[in-house]
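Here is the structure we will look at, set down as structure tokens.
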Amino acid sequence: MTDKFDLASLRSEFPVMKRMLYLDSAHQTPMATSVRTALTEFLVEGNESAGPKPVWMRRVEIARENVAKLLNASAREIAFTKNTSEGLNIAANAVPLERGDNVLMIEGDHPNNAYAWLNLKRKGVEVRFIKLDTEIASAETFAPHIDARTKVISLSHVTFHAGHRHDIGNIGKLCASKGIYLVVDAMQSVGVLPVDVKALGVSVLAAGCHKGLLVPQGLGILYVKEGLDELQPAYLAMSSLANPPEDYIARPDDLAPRKDAGRFEMGNYNLPDLHALSAAIELINRAGPANIEQHVLSLGDRLITHLDALGIPLVGPRHRDSRAHIYVLDLPVAEWLDYLAQHQVRVSPERDGIRISFGLFNSLEDVDRVAALLKERHLQTTRSQAAEQID
Ligand SMILES: Cc1ncc(COP(=O)(O)O)c(C=O)c1O
């Protein structure tokens, strides 16, 4: 971790931490003050000068460049969407797939990724769900299931339900060697881990911006690798066209979409969120994505040490390179959620337990605080169970 990572200064951006122990960044980000300022400036411009739209549109392009740099992509490879689910559906409907082709996914991955592809069943495309029997998915997970009709592998980079950090780079190499598209749901990784789409060998990446990217709900990013011209938009609007008509009268004889990822964009942008996004990326760059990764991993190390001492099982992976910021505790959800809420701790109920997730603003003391609360109740529960047995 470099000196650039100044936790006290980063934490001061999140006043919510004075009111509660926020351990739920995998659900949604608390708003940083610099993001709020960017939103307010936008609102003031709209309110007092009806918005200089050309200025706002120039800022959209700056936001696009900021996203591109964060992903090691070019601005031409970035489109703005509404959220992850929209991006994944765009991908599912853009890849040229025919009856009898198949798509490989991991069983239990985010349902919205699954539904985007399952919706192609009506076109005769098969979705094969692979059971994960290793700590994380890698090329070896998919290789035995690939046949001549496998066209796509689609999976999360980091899973929301247990925090697996799949080996996308390794899967990317397999996809490149077999001529398979790799579609990545990066909702839980962008802004938390360094994401280099080129090094990972990704064809299409979709993410919403309301978790690691620190902006309110309603904005998504979509990376579409340059040169994948066969990926064509299912919907068309003026903004998707190579030659939009200047007189705003549709030309039935010229429907050619743009060459860049903008061919997947539809109409006006979420301008407030795009203003927020540039401020958020500035904050992320101030911390440094590699530093954020190391920071959340250290918080995870500390949490695992506490869990081991308390005898509370971790649902997801333990190894450092198999996890990121999401840790699910194998505890009965209803009672523990309630207990933690009573102590002003915000976590999420998850399918296999209580989900603790870290943001760049969390500290080791936060981990110790939640561990102390876990210990207090865990001891009470163990004592009353022992008393019941004696009775
Ligand atoms: C891994 C993952 N994929 C997809 C989604 C859905 O995101 P969105 O609401 O941006 O479509 C989520 C939301 O929690 C998620 O965690």
Electrostatic pair Asp308-Arg318, nearest N-O below 4.0 angstrom: yes
Side chain proximity check, Val125 to Asn102, heavy atoms < 4.5 angstrom: no
Closest approach of Phe160 to Gln188 (non-hydrogen atoms, all atoms of both residues): CB-NE2, 3.7 Å
Lys211 side-chain N/O to Ser25 backbone N/O, donor-acceptor pair under 3.5 Å: no
Donor-acceptor side-chain pairing of Ser348 and Glu350 below 3.5 angstrom: no
Contact check, side chains of Pro257 and Gln232, non-hydrogen atoms, under 4.5 Å: yes
Within 6.0 angstrom of Glu98 CD, more than 12 heavy atoms from elsewhere: no
Note: Asp247-Arg251 ion pair, threshold 4.0 Å (strictly below): yes
Cationic N near anionic O, under 4.0 Å, Arg258 to Asp260: yes
Between CG on residue Leu10 and CD1 on residue Ile284, distance to nearest 0.5 Å: 10.5 Å
Parallel, tilted or perpendicular: rings of His275 and Phe42 (30°, 60°): tilted
Any side-chain heavy-atom pair of Leu307 and Leu329 under 4.5 Å: yes
Minimum-distance pair of heavy atoms, taken over all atoms of Pro194 and Pro289: CD-O, 3.8 Å
Which atom of Ser74 lies closest to which atom of Ala68, heavy atoms considered: C-CB, 3.6 Å
Heavy atoms from other residues, nucleotides or ligands near NZ of Lys4 exceed 12 (cutoff 6.0 Å): yes
Minimum heavy-atom distance Ile292-Ala287, with the two atoms named: CG1-CB, 3.8 Å
Beyond-backbone contact of Asn285 with Leu70, side-chain heavy atoms, under 4.5 angstrom: yes
Donor-acceptor under 3.5 Å (Glu13 side chain, Thr33 main chain): yes
Ion pair check, Lys198 and Glu226, cut-off under 4.0 Å: no
Check: Asn112/Ser85 side-chain N/O donor and acceptor closer than 3.5 Å: yes
Passing candidate, side-chain contact (heavy atoms from CB on, under 4.5 Å) with Leu274, options Ile62, Asn66, Leu219: Leu219
Test item: Phe264 and Ser240 side chains (from C-beta on) under 4.5 Å apart, heavy atoms: no
Residues Thr84 and Asp185: side-chain donor-acceptor under 3.5 angstrom: no
Salt-bridge present (Arg323, Asp301; N to O < 4.0 Å): yes
Minimum heavy-atom distance between Arg64 and Ile78, given as atom pair plus value: NH1-O, 2.7 Å
Carboxylate-amine/guanidinium contact Asp101 Arg149, below 4.0 Å: yes
Heavy-atom check, side chain of Leu120 versus side chain of Val127, under 4.5 Å: no
Over 12 foreign heavy atoms within 6.0 Å of NZ, Lys82: no
Hphob cluster co-occupancy, Phe358 + Val345, side-chain heavy atoms under 4.5 angstrom: yes
Parallel, tilted or perpendicular: rings of His166 and His164 (30°, 60°): parallel
Student check: side-chain heavy atoms of His110 and Met187 closer than 4.5 Å: no
Ring geometry between Phe80 and Tyr269 (parallel below 30°, tilted from 30 to 60°, perpendicular above 60°): perpendicular
Under 3.5 Å donor-acceptor, Asp273 side chain and Ala276 backbone: no
Distance-only donor-acceptor check, side chains Ser239 and Glu265, under 3.5 Å: no
N-O pairing of Glu293 and Arg165 below 4.0 Å: yes
Exercise: identify the closest heavy-atom pair between Ala207 and Val190: CB-CG2, 4.3 Å
Heavy-atom side-chain proximity of Asn93 to Tyr235 below 4.5 angstrom: no
Residues His306 and Asp368: side-chain donor-acceptor under 3.5 angstrom: yes
Main-chain N/O of Ile136 paired with Thr134 side-chain donor or acceptor, under 3.5 Å: yes
Note: Glu126-Arg128 ion pair, threshold 4.0 Å (strictly below): yes
Polar side-chain atom of Tyr22 near backbone of Arg19 as donor-acceptor pair, under 3.5 Å: no
Qualifying residue for side-chain contact (heavy atoms from CB on, under 4.5 Å) with Cys175, from Ile146, Ile180, Leu104, Asn170: Ile180
Polar side chain donor-acceptor pair, Asp254 to Asn243, under 3.5 angstrom: yes
Ring-face cation contact, Phe361 with Arg11, 6.0 Å cut, 45° max: no
